[in-house]
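See below for the structure under consideration.
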Amino acid sequence: MSRFALVDCNNFYVSCERVFDPSLEGRPVVVLSNNDGCAVARSNEAKALGIGMGAPVFTLAETLRRHDVACFSSNYALYGDMSRRVVTTLGEMVPDLEVYSIDESFLDLSSFRAVDVAELCQRMVRTVKRNTGLPVSAGVGPTKTLAKVAAGLAKTHPCLAGVCDLTDETWLQRALAATDVGKVWGVGRRYEKFLKVRGINTALDLAGADRTMIQKRMGVNGTRLLDELAGISCFPLETNPPAQKGVGVSRTFASGIDDRISLDEALSSYAERAAEKLRKAGLRAGVMSVFAMSNRFDRKHFYYNTASVRFPTPTSAASEIIKGALSAFDEIYKEGLPFKKLGIQMRELVPESEEQLLLFDTVDRTRSTSLMKALDAVNATMGNHTLGYASSGLSGPKTWRTRFNHKSPSYTTRWDELPRVS
DNA sequence: TCTGGGGTCCTAGGACCC
DNA sequence: TCTGGGGTCCTAGGACCC
């Protein structure tokens, strides 16, 4: 029988902040999205205050003030680095590992005996805490979905000390009965509502639900979900993640922007970033689309449009992608309209090793490739944005730049921001 | 006034072809 | 008066995940 574990970092972003500022222990803490717009991570204390996932900060002002909640802007460099440390530690203990997200990994424990499993998980929880300072929980089950259920219980029931093993049938029934159907992996807001209207309130109800009805509303994923809850594994461990299908870069502005120069600068910087992501992954894109929208909360005047560009041959050259993005934007730009969000998406990705040469090419590919190599090398050694394109705007305050007013130092990724021990 | 970003997969419907 | 069927490809939209 297969057996999976899910190791999940508790309140990950908040816990990363706490590692470097222990005075935050026991205090309500939230980490905010870009532009310090929404609460995207909350400590248990913040959750207890009723601060919801994704709650807009302006609706929280009173709560944040009254309870002296510590607020942080997202520090992606720090979280990414801490995540790698967790994965390294886990990988040393269990070789079959799938990095599922920045704060979760699935492990294949099929070859471990039942008695070993709980002990192994407890050891993982202790080791990760010792090596990184981060609290994690582990759940075990015969399928990924059940391992997720187990991890959810491990996190919310302190008596389990961070580990929950649902290999045992009797515990499994009780665990499913205690799990809200909306918490099941693959059941989002829409499906939760649909299920609850039909009296399916818990994971146990769902496991016993009518297959045809589930299939009709939730498609093949619905039937897979039923199988997974019944202990039949449908989602294998993905140790070699399949090639990425797309690369996107988009940002919301702190307030609406209608001036064309700022919009072009913002878009150019996203194009630059997208090109960089492609090169880092060793990929090139055949097609790019640009999208632009106004404030989506103003439904009456909402504007959304996209335009696409096909490249003569797949590319990851910043200059070509910037040029394409700006000309595509020209098709959808509307004068006088306050834009709230711009973005680009790169699709039809191919490995750069599969280069297709064009008979009549307008770009000197060899030169442009070595230029990009040089640019990446400089930015890798001298720091991000040491070299960039003038079309993305010269340094200085910009209306389109994302706001991070409460950011902690990059403790682990910048020499000049290392924490000091005194 | 203020409301994130980056992904995946599935399905339905239309265009097109034989 | 009669007006097929099946396959493929593409896109948009909807659902989900973190």
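So you know, we letter chains A, B, ... as the sequences are listed, proteins then strands, and number each from 1.
- Nucleic acid contact for Val57(A): none, since no nucleic acid atom lies under 4.0 Å from a heavy atom of the residue.
- Nucleic acid contact class of Asn221(A) (heavy atoms, under 4.0 Å, all strands): sugar-phosphate only.
- The side chain to side chain donor-acceptor pair (under 3.5 Å) search around Thr212(A) returns none, not counting sequence neighbours.
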- Item | Paired and unpaired positions of DNA chain B as dot-bracket, Watson-Crick or G-U wobble under 3.5 Å, | denoting a partner strand | ....||||||||||||||
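- Salt bridge status for Lys148(A) with Glu228(A): absent, with no side-chain N to carboxylate O gap under 4.0 Å.
- Annotation: side chain to side chain donor-acceptor pair (under 3.5 Å) contacts of Glu192(A) (sequence neighbours excluded): Lys196(A).
- In this entry the distance linking NZ of Lys340(A) with C1' of dC2(B) reads 8 Å, nearest Å.
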Pairs under 3.5 angstrom, nitrogen or oxygen only, protein versus nucleotides 14-17 of chain C, please.
residue	atom	partner	partner atom	Å
dA15(C)	OP2	Arg190(A)	NH1	2.5
dC16(C)	OP1	Gly188(A)	N	2.9
dC16(C)	OP1	Gly188(A)	O	3.2
dC16(C)	OP1	Arg190(A)	N	3.4
dC16(C)	OP1	Tyr191(A)	N	2.9
dC16(C)	OP2	Arg190(A)	N	3.4
dC17(C)	OP1	Gly186(A)	N	3.0
dC17(C)	OP1	Val187(A)	N	3.4
dC17(C)	OP1	Val187(A)	O	3.3

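- Arg84(A) has a carboxylate O that lies under 4.0 Å from a charged side-chain N of Asp81(A), or vice versa, which qualifies the two as a salt bridge.
- Sequence neighbours left out, the pairs with a member in residues 150-163 of chain A that pass side chain to side chain donor-acceptor pair (under 3.5 Å) are Asp8(A)-Lys155(A).
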Pairs: protein N or O with nucleotides 9-11 of chain C N or O, under 3.5 Å:
none

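- Taking the six-membered ring where tryptophan is involved, the planes of Phe339(A) and Tyr333(A) are essentially parallel, since the angle between them stays under 30° and well short of 60°.
- Classified by interplanar angle (parallel below 30°, tilted 30° to 60°, perpendicular above 60°), the ring pair Tyr13(A)/Tyr76(A) is perpendicular.
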